[in-house]
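All chains are named by letter (A, B, ...) in the order of the sequence lines, taking the proteins before the strands, and each is independently numbered beginning at 1.
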Amino acid sequence: MARNFNHRIRRYTFKAMHFFGLFLAMMVLCVPGFWIVLNSFRPTVEIMAKPPVWIPNELNLDHYRAMFGGIGEGGVPVLTYFTNSLVISVTSTVIAILIGMAGGYAFARYKFKFKGGIFVGLMITRAVPGVALSLPLFIIFARVGIIDTHIGMIIAYVALNVPFTVWLIDGFFRQIPPELAEAAEIDGCTRWQAFWRVEFPVARSGIASAGIFAFLTSWNEYALASQLTRSTTSKTMPVGLLDFTSEFTLNWGGMCALAVLMIIPALILTFLVQKHLIAGLTFGGVKG
Amino acid sequence: MKTFLSGASCAVLATAAVTTIVAVTGIAQAGEFDGITIEAKLIGGQQYEALYARIPEWEAATGAKVDIISKKNHFELDKEFKSDIAARTTDWCVGSNHSSFASQYASLYTDLNGFIGKDVVDEFVQANIKAATFDGKLVMLPRAQFDVSALYYQKDLYEDAARAKAFEAKYGYPLAVPETWAQVKDQAIFFADPPNFYGTQYAGKDEAIVGRYYEMVVAEGGQLFNDDFSPAFNSDAGKRALQWFVDLYDAGAVPAGTTNYLWDDLGNGFASGTIALNLDWPGWAGFFNDPTASKVAGNVGVAPAPKGSAGIRTGWSGFHGFSVTEDCAHKEAAASLVEFLTNENSQKLESSAGPLPSRTAVWDYISEQAKDDPYRAEVLAAFKETAATAFAVPPTSLWIEATNLIYPELQAAILGDKTVDEALADAAEAVDDLMQEEGVY
Amino acid sequence: MKRLKLPPWLVLLLPAILILSAVVLIPLVLSLYSSFTSYRLTRPDSIFNWVGLFNYEKAVTDAKFWAAFGRTVLLLTVALNLEMLLGLGLALMVSKVTHGQRLLRTMMMFPMMFSPILVGFQFKFIFNDNVGLVNNALQSLGITDRAIPWLVDADLAMFSIIFAEVWTATSVFGILILAGLYAIPRDPLEAAKVDGCTSWQSFRYVTLPFLMPFIYIAMAIRSLDVARAYDIVQVMTNGGPARRTELLWTLIGRTGYVDARMGYANAMGYISIFLAIFFTVYFFKKLTKSRKELGMGA
């Protein structure tokens with residue numbers, strides 16, 4: 001009886017600790033973010049108040065209204081930035097996925113010389129510090145004439161994401177038995193058809209997970225974008241954040257408002273595909 | 001910061017815009033530059049963009065078109081200009097410039113003296129023209145974004161008789177708005193009540209703290225550089241200047257994080273009502289007095305920058321302007337645009353929202369306009385007084401690089417990692433090495 | 001004319017190789033060359049001024065460079081390990097939840113939605129000593145009556161930067177490890193239970209070895225990515241005060257762009273690339289090894 005009781009106590013403490021730990025972790029992860037969301041609705045005088053105002057006296061849409069307002073009234077071309085971000089991120093993600101599928105398939109299905117070396121070589125391109133890259137890239141892009149264009153940004157982001165997509169998709173193809181595709185080929189499919197009919201559907205969630213990582217990277221990238229964009233023709237939202245700074249001032253409330261517009265689409269997308277994400281990573285990651 | 005732009009000043013802005021339309025022409029002849037497109041790289045940010053709304057007027061008057069190919073904040077723009085010089089993609093025409101950065105772009109911009117009439121140049125504040133001239137080349141025309149710092153303070157601190165008495169008993173002179181930096185130090189230590197209230201604060205990193213130190217060295221009767229740009233700050237005046245920063249930090253009279261503050265932290269700090277005295281830029285004047293942005297609204301006083309022990313006011317100043325590139329294919333048209341953006345009506349429009357002008361006539365004009373607004377009048381009077389003795393940064397292309405060597409040493413002294421003597425000796429040696437390596441002397 | 005026939009693997013790899021050469025390799029060759037010159041951005045002709053190993057000698061003999069180097073290694077080691085441990089804990093806790101996992105997983109990934117530059121501003125304000133969220137909370141709760149200088153104090157400044165970095169990246173570990181947890185086959189765990197293992201034992205000897213490949217993948221991905229923390233550090237402290245948080249990236253960025261000494265900056269950059277390569281290859285080797293142990297070798 002006593003033992004049973006002890007056991008129960010232990011189980012309850014464990015449960016309570018689990019709940020508490022989870023709660024604490026989620027707090028730490030989410031509070032800084034919620035703080036940004038909250039700030040976007042508060043007048044500046046309350047954000048920076050001392051003594052602090054914990055319970056907002058006033059919530060309003062002033063920062064949003066100003067952001068969508070005209071030039072000279074605090075307006076920032078948000079919609080243009082949003083479109084730029086969307087076009088650049090989506091296109092570069094799709095291209096990076098296609099290239100990643102081709103490359104991943106090559107690594108998974110063919111034997112060739114220097115395979116390991118080429119693979120690590122591809123990965124290491126990602127490890128190059130941005131500073132060593134940004135100026136020569138700028139010079140090349142400026143000479144070719146693709147500075148401040150969507151194309152230029154897309155090319156840069158595809159390169160940024162390709163190592164990762166190749167890796168993840170390679171691991172995924174590997175765990176699909178080659179016999180599956182071979183069987184389809186025997187049934188009269190070309191290799192191309194076999195790929196799309198047999199291997200691709202199985203690999204889909206792996207590809208989705210590579211996609212969400214690539215998308216988030218492009219969506220949030222700042223360092224390269226600040227170098228390769230100039231005007232509203234290609235500026236993305238992270239670069240647009242700096243519109244709220246001038247030489248001496250920084251409009252934190254306004255920045256938060258733009259940040260909220262950046263976070264929401266990413267959040268919705270993640271929520272929608274996160275089931276695939278988990279499934280994709282499960283296979284793609286390990287069995288490389 | 002948009003709040004102070006949009007709020008009270010909106011009405012003024014609108015009326016100014018209306019009056020300017022009438023008076024556009026006169027400088028440029030109609031159709032003079034038909035079919036020409038001028039590519040421009042302009043500073044972005046809410047404070048700066050109201051002026052660009054005037055560009056269509058210039059286009060209509062001259063027949064040229066303006067294509068703004070880049071709009072960024074100053075530090076990003078600096079990076080872009082340097083990248084452009086490196087990539088030799090400098091065939092665009094008009095660029096925003098800043099007096100502190102201008103010396104670095106020697107090869108980029110052309111001498112405006114050949115394109116702008118001397119009578120026009122004479123209408124600007126001559127100290128600004130001098131600071132925009134390098135080796136006899138006038139590289140930029142100043143817009144109405146002149147910056148020098150005056151002392152903002154909380155008025156009610158000086159209205160409490162008990163406090164005034166306690167102060168006089170302790171320091172032996174009556175409590176009044178400070179006129180010297182020694183008084184600022186006394187009062188800052190007296191007012192401080194950390195962590196809820198601080199006497200003052202200062203910019204603590206990058207070019208900002210070196211600028212603050214530079215003006216303090218001058219106010220103490222010293223120099224930052226000798227005439228050959230060898231370091232001169234490792235002197236008695238230089239040590240006194242740095243000691244001022246160190247003493248305030250040690251006394252807890254400034255926020256403990258001040259060595260990580262830049263301008264935005266300082267402005268937000270004063271607006272939060274936790275800082276008694278704040279040496280700051282004119283761009284904040286409206287913000288500090290705006291009840292939706294600042295807790296000290298209605299309680300802000302502004303005095304001219306205090307003086308150092310040599311009887312000289314601090315007055316590190318800078319300004320924005322526009323330049324024309326050497327590689328521009330249509331320099332006349334570009335210069336005409338620059339002249340237009342800095343002409344009297346443009347400056348009236350810009351300074352109606354708060355920033356300070358760089359034309360003598362516009363100074364008079366805005367003082368006249370502010371007659372019925374006591375706060376604005378006080379602000380202008382304080383800044384006008386400070387501007388009269390203001391000085392620019394040393395005219396060397398290595399200024400920014402030198403500040404990057406000096407500021408970590410200043411921070412080390414303030415935080416107690418080094419003594420004042422050690423820090424200044426190390427900084428002077430580093431700057432000396434730099435100047436020699438670059439063959440300055 | 002006979003068409004050149006490329007092996008199929010090369011055709012498939014060609015797009016990846018082409019784009020990486022164009023965007024990474026060629027610029028790298030350019031910057032490697034410039035590291036042997038006295039290249040200054042504001043004097044473009046200086047790119048032809050060959051100075052041999054001068055920049056490298058200058059970097060190698062500069063105490064400031066090695067201090068930044070050491071600090072970067074420290075940051076990488078501490079941050080990556082912390083992210084791994086916290087990510088592991090987070091994943092374990094989330095995997096034990098029966099209801100609302102989908103929501104929890106999304107919440108767990110919340111920090112990944114934040115652009116690094118935004119994270120920098122966010123934590124600069126949160127850790128502000130005067131009006132920041134952390135100090136306000138501590139003072140309101142009566143825990144301290146001081147204004148703690150989070151971004152200035154020698155130890156706390158590094159802590160704050162590491163906190164911000166860990167905050168952004170723990171999610172990546174969490175989600176990868178969570179994926180690993182879902183993939184663990186049930187049988188070995190059941191067997192361990194039957195054999196009378198405690199839950200710690202079955203975690204240590206069954207679950208953890210299985211998770212190791214996931215952990216190394218996350219490590220490798222992060223060590224590739226961690227240079228993106230530049231945005232965060234640059235906004236939060238820019239290496240200061242008094243060089244207390246100077247990292248390779250802030251040092252190189254300032255030298256290259258603000259001081260315009262691109263040649264010298266690139267030399268330092270090349271020395272630091274070896275650091276990145278070391279971390280990547282190290283984790284890659286570990287990954288291959290732990291896969292082999294699990295019998296999943298390619």
Inset, instruction - Under 4.5 Å heavy-atom distance to chain A, tell me which part of B:Lys82 shows up: side chain, backbone, both or neither. - result: neither
Inset, instruction - For chain A, find which of B:Leu266, B:Thr274, B:Asp147, B:Leu262 contributes the most heavy-atom pairs closer than 4.5 angstrom. - result: B:Asp147
Inset, instruction - Could you have a look at B:Asn196, B:Ile69, B:Asp265, B:Ile68 and say which one has the most heavy-atom pairs with chain A under 4.5 angstrom? - result: B:Ile69
Legend entry - Option that, when pairs with chain A are counted at under 4.5 Å, heavy atom only, ranks first among B:Gly269, B:Ser83, B:Gly273, B:Gly267: B:Ser83
Legend entry - Ring centre gap for A:Tyr64 and A:Phe41 strictly below 6.0 Å: yes
Legend entry - Output field: ring centroids B:Phe81/B:Trp92 closer than 6.0 Å: yes
Legend entry - Cationic N near anionic O, under 4.0 Å, B:Asp84 to A:Arg230: yes
Inset, instruction - Examine B:Arg212 relative to B:Trp281 and say whether NZ or CZ is less than 6.0 Å from the centre of the six-membered ring and inside a 45° cone about the ring axis. - result: yes
Legend entry - Parallel, tilted or perpendicular: rings of A:Phe119 and A:Trp167 (30°, 60°): perpendicular
Legend entry - Proximal component of A:Thr233, with respect to chain B [non-hydrogen, under 4.5 Å]: neither
Inset, instruction - Please state whether the side chain, the backbone, both or neither of B:Lys295 comes within less than 4.5 Å of a heavy atom of chain A. - result: both
